[in-house]
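Let me begin by presenting the structure, written as structure tokens, before commenting on it.
A note on names: the letters A, B, ... follow the listed sequences, proteins ahead of strands, and every chain is numbered from 1. Computed over heavy atoms, backbone and side chain alike; hydrogens, waters and symmetry mates excluded.
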Amino acid sequence: MNYDFNAIEAKWQNEWAQRATFKADNNSDKPKFYVLDMFPYPSGAGLHVGHPLGYIASDIYARYKRHKGFNVLHPQGYDSFGLPAEQYAIQTGQHPAITTAANIKTYRRQLDQIGFSFDWSREVRTSDPEYYKWTQWIFIQLFESYYCKDADKALPIHDLIAVFEKEGNANINAVCDEDIPTFSAADWQAFSEADKQDLLLKYRLTYLAETEVNWCPALGTVLANDEIVNGVSERGGHEVVRKKMTQWSMRISAYAQRLLDDLNTIDWPQPLKDSQTNWIGRSVGAMVQFEIDGHNESIEVFTTRPDTIFGVSFMTLAPELDLVQQITTEAQRAEVEAYIEATAKRSERDRMADVKTISGAFTGAYALHPFTGKKVPIWIGDYVLAGYGSGAVMAVPCGDQRDYDFAQHFGIEIPNIFEGVDISEEAFADKENTIIANSDFLNGLSYKEAMQKVIAELEAKGIGFGKVNYRLRDAVFSRQRYWGEPFPVYYVDGKPQMIATKHLPIRLPEVEKYLPTETGEPPLGNASVWAWCTESNTVVANDKVNHKTVFPLELNTMPGWAGSSWYFNRYMDAGNTDAFASKEALDYWKDVDLYIGGSEHATGHLLYARFWQKFLFDRGHVPVTEFAKKLINQGMITGTSAFVYRLDGENKVVSKGLLGDQKVVPIHADVSFVNASDELDIEVFKQWRPEYADAEFVLEDGKYIVGREVEKMSKSKYNVVNPDNICAQYGADSLRLYEMFLGPLEQSKPWNTAGITGVHGFLKKLWKLYMGAEGLKVTDTDPSAENLKTLHKTIKKVESDIENFSFNTSVSTFMIAVNELTTQKCSSKQILEPLLVLVSPYAPHIAEELWEQLGHTESIATAAFPVFEEKYLVESTKEYPISFNGKMRFKLELPLDMSKDDIEAAVMAHEKTQAQLAGREPKKVIVVPGKIVNIVG
RNA sequence: GCCUUGGUGGCGGAAUUGGUAGACGCGCUGGAUUCAAAAUCCAGUUCCUUUGGAGUGUGGGUUCGAUUCCCACCCAAGGUACCA
């Protein structure tokens, strides 16, 4: 019987589906284990061989854990809201739901053919109303909560209202907007309903605010900071400008410290933790108030170096600040306005690209130093950002290089406040080796001491206080798009109202077109049925709006990360219609034990998901504060692009070996036109690119050899390898093994289809070990000591490999085992049966087939993982390493438990024979404490 | 600039606590089988000036012994960037 992988794989994929082999149970005596992949966005292009890498790894781990007796939850779903489907809809008029459904069908077929052990009964789709109903519900919970700093958690907004009614807001310590006046209980009662709502909005965890946002005119939408790369949109590379808009925001800043602290409690890759730490950007320092000379105003600045306050020789404000207008003197007004205008013109991109140029303008105003009372000139400069801290800095040129450069450029004084430090060339920013001088009460103190003392002094004088600042900004939550979750929000007199849970989901309305409206409103503005009737509690036509019982609904939709910030909880109880998951299910599965996905989500999805999880925990909806205990970033599988070289300015295409140093233009050729030895099929290429049909091809040895370069796998680079073709030609088991064999999971590595023959050959050999021409050839014979040794060293290695996620070396181990057993002519069932279980997580189809041939009726997935026994590896002799002058030469096999002297004598005897054979004097033997025998001389 | 990860044959990559570097696979070379090809099998394959020598990015250090530990530097990839 031959190894007919196509038939075997189709058979078992069907069997698994029929028997619901991988359906996870929410009630089990076994310990639970939750293995999760980052769910895919179902794009129109389908999967290429790079996509399943992480899924294969998690599938191996999930299958392994089942063998180890765990109740494994291994679900899959789709992050199915997103921009590509919407853009396709804009171009073709095709409803995104239709293209999305079609894409999901392709994805499902491709995933099924690779043989994953997903529990598809728990599938989720973020664009499914039964799913986004709960995304809307979470949004409402956020709206109904505020963050209490004393309790250090989110609490119901009712609690806050109760306090307002009783005593006003004087004792409230909450994370909120900064412009809230202090009011009493009586004031609160006197406020109008509208004022009360406006006030509460400043405390809610999701709030409506006029924010300066990143507006992308080409995409017609607002982008989050992490959707912008180098000043242009990540998707499409379009220009991004700043614009003020009323948007929903998430008060993620309330969780900054907890997001930072809890990184210590999770087993995530260090680089990923570092980029989150970096993104949150905690800095410790102080707020200091500077009075402005001749004005009834003051400037508050945040500084991380309050210890250097006596080194302040000027202040710099962000040009955008309103204060600038107020304080600028008539003499300086023209210069200041010209500067402000010039900075406003510069795009964000220019400003970023050009960080070296120093620019600024003097306002003519002076601040008063809080301790010396000295007049300090106030400047504006675009190196100060309006969005960080208070948009103002106290400049200490001797301690900060930017301040130093600015001072030098504009001829501002640079006082030295450090003892024994030369600042004639550059600023001195080394905190650790600082001794403060020329600083009144701080003289002679170290950074740490001065820091404490100056903060105490500032607080005593009431002109400042110690403060921790974060770079993390609140996240804008509104998108001017169609294909996203609608908000469960309608507006009464412009004030947002939540729709009660029992009326959810609020379904996406049908629209004529998916572009923003003529008046620049989001696409939902095109819907004719998009108003909320508070009588019927249904969505009704817009022309019914009467502002008594029918009100306009929110026109924005939620961003891509809304649905992905909690989906891992939904899998625990995906069918639930009463809650996003039952308490029982949540308490049972708790969190993800292993999460696998790309590192590109470090400061997006993974931060937002942690935020929502903490919020849901605070409000008692989930049992744990972190959703994923362990996370692994799989690397990328890159493509190996092929290039054809056209001579610059000529219609002549030259083979790679003949290029020399001629000027050439490289042109991508589709990798399918090139064989394993890099030879191009010229005819196919000419058909594909008719503009080269008449080109002259300069060949070497009668062949056109292409150039190769490793690049990201992408359609536009013509280097995409489709898993469908690989499965058809070599089978899914070969694909799975090969993707693992390619290299360490976390690393990026190039795909090379030619290499797959190696693992494919292994599967054939494995098959032959079990199956002869007349069928099964496994017997009941007793295994030899050699057979047992091979089996047990394989068990040991494969087990530790899987535990350490070194799947690549396991594949080598299997190959060695099969080669050894073939040489040993092993046919013993006692060896071959457990071997199959070892292989089954990697190559499940062939394992199932042979398992059935061995007479089992249950799936191999339920078989126990073989138990490793040391005794089969123990030798009666031991190999002692022998070195000459420290250089390892050979190992000498000696009986176990020899004394040091005996070993020395044995090695000496060996050395004497060797010396005699070589005709030289024997060298001296020394047994080094430990295990090494050294021969010197 | 800063943070992180890495640097081993023609290529992807192995190497438990420091102990014969290059497992395994690809590719390549030679051979068997075949009318021939595919497939399969066998042997070889780090480099060099080959009775030997050199060698894990570079230079030092610790050690009887270093891919592994320590110090300095170089290079590459990813993240981040006027954050006060």
Return the value, rounded to whole Å, for the distance between atom [atom1] of [X] and atom [atom2] of [N].
{"X": "K749(A)", "N": "G12(B)", "atom1": "NZ", "atom2": "P", "value": "13 Å"}
{"X": "Y730(A)", "N": "A39(B)", "atom1": "OH", "atom2": "C1'", "value": "12 Å"}
{"X": "I380(A)", "N": "A84(B)", "atom1": "CD1", "atom2": "C1'", "value": "17 Å"}
{"X": "L317(A)", "N": "A84(B)", "atom1": "CG", "atom2": "C1'", "value": "13 Å"}
{"X": "L272(A)", "N": "G78(B)", "atom1": "CG", "atom2": "P", "value": "16 Å"}
{"X": "L472(A)", "N": "U80(B)", "atom1": "CG", "atom2": "C1'", "value": "15 Å"}
{"X": "L742(A)", "N": "C26(B)", "atom1": "CG", "atom2": "C1'", "value": "11 Å"}
{"X": "W268(A)", "N": "U5(B)", "atom1": "CH2", "atom2": "C1'", "value": "19 Å"}

Taking only the [atom1] atom of each, what is the distance from [N] to [M] in whole angstrom?
{"N": "C82(B)", "M": "U5(B)", "atom1": "P", "answer": "24 Å"}
{"N": "C48(B)", "M": "U16(B)", "atom1": "C1'", "answer": "34 Å"}
{"N": "G30(B)", "M": "C35(B)", "atom1": "C1'", "answer": "22 Å"}
{"N": "U4(B)", "M": "A66(B)", "atom1": "C1'", "answer": "25 Å"}
{"N": "A43(B)", "M": "A36(B)", "atom1": "C1'", "answer": "24 Å"}
{"N": "G52(B)", "M": "G61(B)", "atom1": "P", "answer": "29 Å"}
{"N": "U8(B)", "M": "A21(B)", "atom1": "C1'", "answer": "8 Å"}
{"N": "C70(B)", "M": "G55(B)", "atom1": "P", "answer": "22 Å"}

Nucleotide nearest [X] (side chain, heavy atoms from C-beta), chosen from [options]:
{"X": "S283(A)", "options": "G13(B), C24(B), A84(B)", "result": "A84(B)"}
{"X": "K764(A)", "options": "U5(B), C82(B), A39(B)", "result": "A39(B)"}
{"X": "T603(A)", "options": "C26(B), G25(B), U80(B)", "result": "U80(B)"}
{"X": "D382(A)", "options": "C82(B), G13(B), G25(B)", "result": "C82(B)"}
{"X": "N819(A)", "options": "G25(B), C26(B), C82(B)", "result": "G25(B)"}
{"X": "S812(A)", "options": "A23(B), U80(B), C26(B)", "result": "A23(B)"}
{"X": "N278(A)", "options": "C26(B), G13(B), U80(B)", "result": "U80(B)"}
{"X": "S275(A)", "options": "G79(B), U5(B), G25(B)", "result": "G79(B)"}
{"X": "F741(A)", "options": "G12(B), A15(B), U4(B)", "result": "G12(B)"}
{"X": "W279(A)", "options": "C26(B), A81(B), G25(B)", "result": "A81(B)"}

Base, sugar-phosphate, or nothing for [X], non-hydrogen atoms under 4.0 angstrom?
{"X": "D274(A)", "answer": "sugar-phosphate"}
{"X": "P269(A)", "answer": "nothing"}
{"X": "T757(A)", "answer": "sugar-phosphate"}

Legend entry - Residue whose closest nucleotide on RNA chain B lies nearer the 5' end, P271(A) versus Y388(A):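 Looking at RNA chain B, the more 5' nearest nucleotide goes with P271(A).
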Legend entry - Residue whose closest nucleotide on RNA chain B lies nearer the 5' end, K765(A) versus V393(A):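 Final value for this comparison: K765(A).
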Legend entry - Donor-acceptor pair between D801(A) and S806(A) side chains, under 3.5 angstrom: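 Distance-only check fails for D801(A) and S806(A).
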Inset, instruction - Anything under 30° is parallel, anything over 60° is perpendicular, the rest tilted; go ahead and classify F371(A) against H369(A). - result: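 Aromatic pair F371(A)/H369(A) classed tilted.
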Legend entry - Whether F814(A) and Y842(A) hold their rings parallel, tilted or perpendicular, with breakpoints at 30° and 60°: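 The rings of F814(A) and Y842(A) stand perpendicular, inter-plane angle above 60°.
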Inset, instruction - Look up atom CG in L769(A) and atom NZ in K825(A), then write down how far apart they are to the nearest 0.5 Å. - result: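 Taking CG in L769(A) and NZ in K825(A), the distance rounds to 11.5 Å.
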Legend entry - Gap between atom CD1 of I632(A) and atom CD of E746(A) - 0.5 Å precision: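 Rounded to the nearest 0.5 Å, the CD-CD1 separation comes to 5.5 Å.
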Inset, instruction - Before giving the answer on ring pair (Phe, Tyr, Trp, His ring centres under 6.0 Å), spell out for F314(A) and F406(A) the whole-Å C-alpha distance, their side-chain angles and the decisive distance to 0.1 Å. - result: CA-CA 10 Å; F314(A) 62 102; F406(A) 194 90; 5.4 Å; yes
Partner nucleotide, any strand, of [N] [Watson-Crick/G-U, under 3.5 Å]:
{"N": "A39(B)", "result": "none"}
{"N": "U67(B)", "result": "none"}
{"N": "G25(B)", "result": "C11(B)"}
{"N": "U16(B)", "result": "none"}
{"N": "U4(B)", "result": "A77(B)"}
{"N": "U46(B)", "result": "A54(B)"}

Legend entry - Under the side chain to side chain donor-acceptor pair (under 3.5 Å) test, residues paired with E820(A) that sit two or more places apart: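 E820(A) satisfies side chain to side chain donor-acceptor pair (under 3.5 Å) with T790(A), K793(A) only.
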Inset, instruction - Tell me whether G9(B) sits syn or anti, counting syn as a glycosidic angle within 90° of 0. - result: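 Syn for G9(B); the angle stays within 90° of 0.
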[N] phosphate, OP1 or OP2: any side-chain N/O from [X] under 4.0 angstrom?
{"X": "N808(A)", "N": "A14(B)", "value": "yes"}
{"X": "Q747(A)", "N": "U5(B)", "value": "no"}
{"X": "R471(A)", "N": "A81(B)", "value": "yes"}

Legend entry - Centroid separation H760(A) to Y738(A) less than 6.0 Å: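 No, the ring centres sit 6.0 Å or more apart.
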Inset, instruction - Just jot down the ring pair (Phe, Tyr, Trp, His ring centres under 6.0 Å) partners of W767(A), sequence neighbours excluded, or say none. - result: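 Once residues adjacent in sequence are excluded, the partners of W767(A) under the ring pair (Phe, Tyr, Trp, His ring centres under 6.0 Å) criterion are Y3(A).
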